[in-house]
Each structure stands twice: as structure tokens, then as C-alpha cells.
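Each chain gets a letter, A, B and so on, in the order the sequences are listed, and its residues count up from 1.
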Number of protein chains: 2
Amino acid sequence: MDGDQPSSRDRLIIAAQRLFARHGYNGVSVRDIAAEAGMNSASIGYYFGGKENLLAEVYRRSAAPMKAERRRRLAELDEAGITDLPALIDAFVRPALLADESGSFLRLRTILSAENSDIFSSLTAENFDDTSAEFIDRLCRALPNRARTEIMWRFHFMLGTLYYSATGPQRIATISDGQCDPHDVDRLLASLVPFLVAGFSAQEKDVLS
Amino acid sequence: MDGDQPSSRDRLIIAAQRLFARHGYNGVSVRDIAAEAGMNSASIGYYFGGKENLLAEVYRRSAAPMKAERRRRLAELDEAGITDLPALIDAFVRPALLADESGSFLRLRTILSAENSDIFSSLTAENFDDTSAEFIDRLCRALPNRARTEIMWRFHFMLGTLYYSATGPQRIATISDGQCDPHDVDRLLASLVPFLVAGFSAQEKDVLS
DNA sequence: GCCCCGTTTACACGATCGTTTGAAACAGGG
DNA sequence: CCCTGTTTCAAACGATCGTGTAAACGGGGC
């Protein structure tokens, strides 16, 4: 192991990531974060200039590896010439659930989207709009006789299954008496990917609009 | 129209419902709620004894019509002898999105699940566990050669698509340049129900576990 | 030795939080 | 009209919020 300790700045980001994901943005004070990191509460003003900037830093820090992993898997698919739907969906879904332990970043994003929708939308657009567009393009290519609008709806539904698995895991665990554990990522994916593949492949119902 | 004005107590609940759904629990102060209802902030202490009790009241008040509508539609199905999957899923999904304008109750529940997971789980169990079990039973009957565990996973995914449609609607609207509007409930359902039907009907992938 | 400068600390500021209080305003029956 | 119980109000409570400030710390270059 490398003996380098994380810098004070990093310790703050890590502590904030954990607490924000657990209790939301408004539910955590700068004093809480500083205490979790073992530092003085004024240091977050020193390093980031304020609580909001710390949040932005947490968001960027967490989004980066997830984006990178998605890109890596896409490149892998390209190299192997694979274009089938299951592989594509897996390449999108798996990095989101593996990015950090038990998807605490997805949880953070869900909370932000509800609590601070203005801050959230700008952060999301900044960090994810390009990746999403890329995946929608590929989905359209994998499903050539589905309308692009319909694909976008289904992409939207897929995001829902992803976020909810990270946000509300205790619900399914309760209902199933512990038989379904959303923290077991491999088991979750084994059910989620076929579910999504079938959903994406569904015949379009004739809608009036 | 009936000339009865809503009672002061009801006005507070309605105002709280709106604000909680918009900004979360921690993001709204009792003074905000009182102002929205046009009353003094002390009245929420007078009527409910505290902010948390007001939240519980809001939750119960919002959950009731949604539950009732689901039951009504199920009874309708029973009466007509309908047991097919699309009708069943529609009976579960539609009341959630129609219960109040643009699913603000789903939004509230998502926020609570993330912000105050302890309060939330008790409220959810109190208000929804029976309904969920009922639907899972019916899903198992409609899909007799799928394992119950798998059905529960897919039920979990369905909840995700529901909640996310209410929580993060702006995302899909942005990505699609406004072509997909999650507030258009009919259009949303026209895409969502076939998606879910296909997902529920999917072949099970052979999982090791 | 000394100073310098990036870091960390303790502390105070004004604002706002949830809640409580006590009295004013209100209603209706005697 | 007064009495009684309910509802509303302004004001204040102690606690905690995010932030700013100024002093103390500590290791490398002179």
C-alpha cells in the first residue's frame, strides 16, 4: 500500500460525500462534515469558499470515475465489434452501481435533484449530458426500428431503476423478507439487465400523439 | 361548488405538502409553511405539535387517495374477470401518477427516503406494505412460471421508474429537447406500461445464486 | 537565528431554525 | 352582557446554521 495519507482537502471531500449521500445537502452542516473529517469547520471555507462549492467538488469527484468506466467499457465493445443490446445496457448500468460502495453517489444525486434542483441540474448537465447523448445514440443504432422519442422515454425509465436501486434499497429488502438485497450488485444486475433489455425491445404501443 | 373553505388545519397540510414535495423536509421551515398557508407559524405547533407530526399527517393524507384508487381499479378488474398483465400494471401505476398533480407525492416520498430514511420507512410500512404485497401476489399469479423472487426484483424496478418520473422530470425533458414531457401523464403511461409489461415478461437469465 | 507563507485554529457575527409562551381575538350559549 | 373554550397572534427562547476574521502554528529558505 502507498503510505500517502489523503490531503486535508481530500479528507473533507470524502467526508462530505459520505454525509451528503446519507442525509442530504440541507441535512448536513459544515460542522458535521468537519467533524467527520477530523478538522476545524472553518477549513471548508478556506479550501472551497463555501458549502455549495464543496458540493460541486464532491459531485465532480464522484462523477469522474463513473464516466471514465463507461467510456472504457464502450471502447472495449467497439474494439470487439459488439453492438448487441445487453452488452450496451450493461456497459451503462454497471459502472453506475460499481462506482462507489452501494451507489452512494446515485443516492446523492437523487437527493440533490429533489432538494436543490437548480444546483443539481447545472451539475448534471455539466457532468453527464454528453455521456447520456452518446448512449442514446447507440441505443438507437441497436434498435433501428424504434422511434428515437420512444428510446428516450425508455432511457428515462432505465435511469429510474438505477437511481431507485441506490436510493430506496430498504423497501425491497423489507417486502421480500431479505431475499432481495440491492446491495448485492451482481445479483441486482442479473435481474436488472434482462428486465431492461426486454423493456427496450418491447413493441411500441400505438399512441395517438 | 361547495362554499366550504378548507379548515386552517387543512390549509396547513396542503401548504406543507406542496413545499415538502418541492424542497424536501429540511429545506422548508415551519415559517415557510405558515406563510404559504397565510397563517402564523405558531399554528403548526398548535395543530400538530411539531414539524414531524405535520409531515406524518401530510404523508397519510396523500397516501389515502392513491391507495383507494388502486383498490378501486383492482376491484374493477376482478368484477370484469380481467387478469392480464397490462391491465394489472396499469392499475398499479396510473393511480400513483394521477393521485395529485404531477406526482408531487411520489416526489415527496423520494426525498423523504433519502433525507429522513428512519421516518420514511415507518411511514411507508404503515401506509403501503399491504398494497405492495397484494400486487406482488397478483403479479405472481399473472406470471406463473416466474420465480417469486424475480417478480419482486422487477416490482422494485417498476417502483424505480415511477418515482424517477416524478422526481427527476427535468432531466429527460432537457435531453430530448422537450420532446418527452413527463408531466404529460397519458403520454408517459403510453410508453411506461408497455415497457414494464415487456420487462415483467422477460425470460429469466440463468443466475448462479 | 529569523522570517515567510500555506495551513489550521478558536471565536464571534448575524441569520434562521423549531418550539414555547401568554395574551388578544373570536365564537356561541347562558 | 359575561363567561368559556377555541383559535390566532406577536414576541421571545435557546440552539444551530453558514461564514468571516484574526491569531497561532510549522516547516523550508535566507
Side-chain angles (χ1 to χ4, degrees), chain A residues 3-59 61 108 111-112 114-120 122-123, chain B residues 3-59 61 108 111-112 114-120 122-123:
Chain A
D4 284 6
Q5 320 224 31
S7 72
S8 300
R9 208 183 109 103
D10 289 346
R11 293 224 314 278
L12 283 173
I13 296 182
I14 293 170
Q17 146 97 5
R18 173 158 44 225
L19 292 182
F20 282 156
R22 196 133 54 199
H23 305 109
Y25 179 76
N26 293 318
V28 174
S29 70
V30 295
R31 290 173 174 82
D32 293 334
I33 301 171
E36 175 89 1
M39 326 199 71
N40 189 282
S41 58
S43 42
I44 117 158
Y46 172 73
Y47 280 110
F48 306 98
K51 194 185 176 187
E52 272 199 18
N53 289 344
L54 171 56
L55 170 65
E57 208 54 47
V58 166
Y59 193 102
R61 172 77 63 119
L108 168 63
I111 305 185
L112 288 187
E115 262 187 354
N116 284 48
S117 43
D118 43 349
I119 306 178
F120 170 76
S122 62
L123 283 174
Chain B
D4 285 3
Q5 319 223 34
S7 72
S8 300
R9 210 184 107 101
D10 289 346
R11 295 225 312 279
L12 283 173
I13 295 181
I14 294 169
Q17 146 98 4
R18 173 159 42 227
L19 292 183
F20 282 157
R22 197 132 54 198
H23 305 109
Y25 179 76
N26 293 317
V28 174
S29 70
V30 295
R31 290 172 174 83
D32 292 336
I33 300 171
E36 175 88 1
M39 326 198 71
N40 189 282
S41 56
S43 41
I44 117 157
Y46 173 73
Y47 281 110
F48 305 98
K51 194 185 178 188
E52 272 199 18
N53 290 343
L54 171 57
L55 169 66
E57 208 54 46
V58 166
Y59 193 103
R61 172 78 64 117
L108 168 62
I111 305 184
L112 289 186
E115 260 188 354
N116 285 43
S117 42
D118 42 349
I119 306 177
F120 170 76
S122 61
L123 284 173

Pairs under 3.5 angstrom, nitrogen or oxygen only, protein versus nucleotides 9-12 of chain D, please.
{"from": "D/dC9", "atom 1": "OP2", "to": "B/Asn40", "atom 2": "N", "distance (Å)": "3.2"}
{"from": "D/dA10", "atom 1": "OP2", "to": "B/Asn40", "atom 2": "ND2", "distance (Å)": "3.4"}
{"from": "D/dA10", "atom 1": "N7", "to": "B/Asn40", "atom 2": "ND2", "distance (Å)": "3.2"}
{"from": "D/dA12", "atom 1": "N6", "to": "B/Arg31", "atom 2": "NH2", "distance (Å)": "3.4"}

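- Under the rule for a side-chain contact (heavy atoms from CB on, under 4.5 Å), the partners of A/Ala37 that lie at least two apart in sequence or sit in another chain are A/Arg11, A/Leu12, A/Ala15, A/Met39.
- A search for salt bridge (charged side-chain N to carboxylate O under 4.0 Å, His left out) contacts involving B/Arg9 returns B/Glu57, not counting sequence neighbours.
- Between B/Ile44 atom CD1 and D/dT8 atom P the separation is 14 Å, expressed in whole Å.
- Between the CZ atom of B/Phe48 and the C1' atom of D/dT8 there is a distance of 15 Å, given to the nearest Å.
- B/Ser29 meets the side-chain contact (heavy atoms from CB on, under 4.5 Å) test with B/Arg31, B/Asp32; sequence neighbours excluded.
- Taking A/Tyr47 as the reference, nothing meets the side-chain hydrogen bond (donor to acceptor under 3.5 Å, both in side chains) condition, with sequence neighbours excluded.
- Residue pairs meeting the salt bridge (Lys or Arg N to Asp or Glu O under 4.0 Å) criterion with at least one member in residues 39-48 of chain A: none, sequence neighbours excluded.
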Reading 5' to 3' and counting Watson-Crick or G-U wobble pairs with both distances under 3.5 Å, write the dot-bracket notation for DNA chain D, | for bases paired outside the strand.
..|||||||||||||||||||||||||..|
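- Applying the side-chain contact (heavy atoms from CB on, under 4.5 Å) test to A/Ala56 and every residue at least two apart in sequence or in another chain returns A/Arg60, A/Leu123.
- Evaluation of the side chain to side chain donor-acceptor pair (under 3.5 Å) test over residues 36-46 of chain A, restricted to residues two or more places apart or in two chains, returns A/Arg18-A/Glu36.
- Across the protein-nucleic acid pair, A/Lys51 atom NZ and D/dT19 atom P stand 8 Å apart, rounded to whole Å.
- For the side-chain contact (heavy atoms from CB on, under 4.5 Å) test, residues two or more places apart in sequence or in another chain that qualify with B/Ala21 are B/Ser104, B/Leu108.
- Read 5' to 3', the first and last nucleotides of DNA chain C with an atom closer than 4.0 Å to a heavy atom of chain B are C/dC17 to C/dT21.
- A/Lys51 places a side-chain N or O within 3.5 Å of a backbone atom of A/Val28 that can act as its donor or acceptor partner.
- With sequence neighbours excluded, the residues forming a salt bridge (charged side-chain N to carboxylate O under 4.0 Å, His left out) with A/Arg61 are A/Asp10, listed by chain and number.
- At the heavy-atom level, B/Tyr47 lies under 4.0 Å from the strands shown only through sugar-phosphate atoms.
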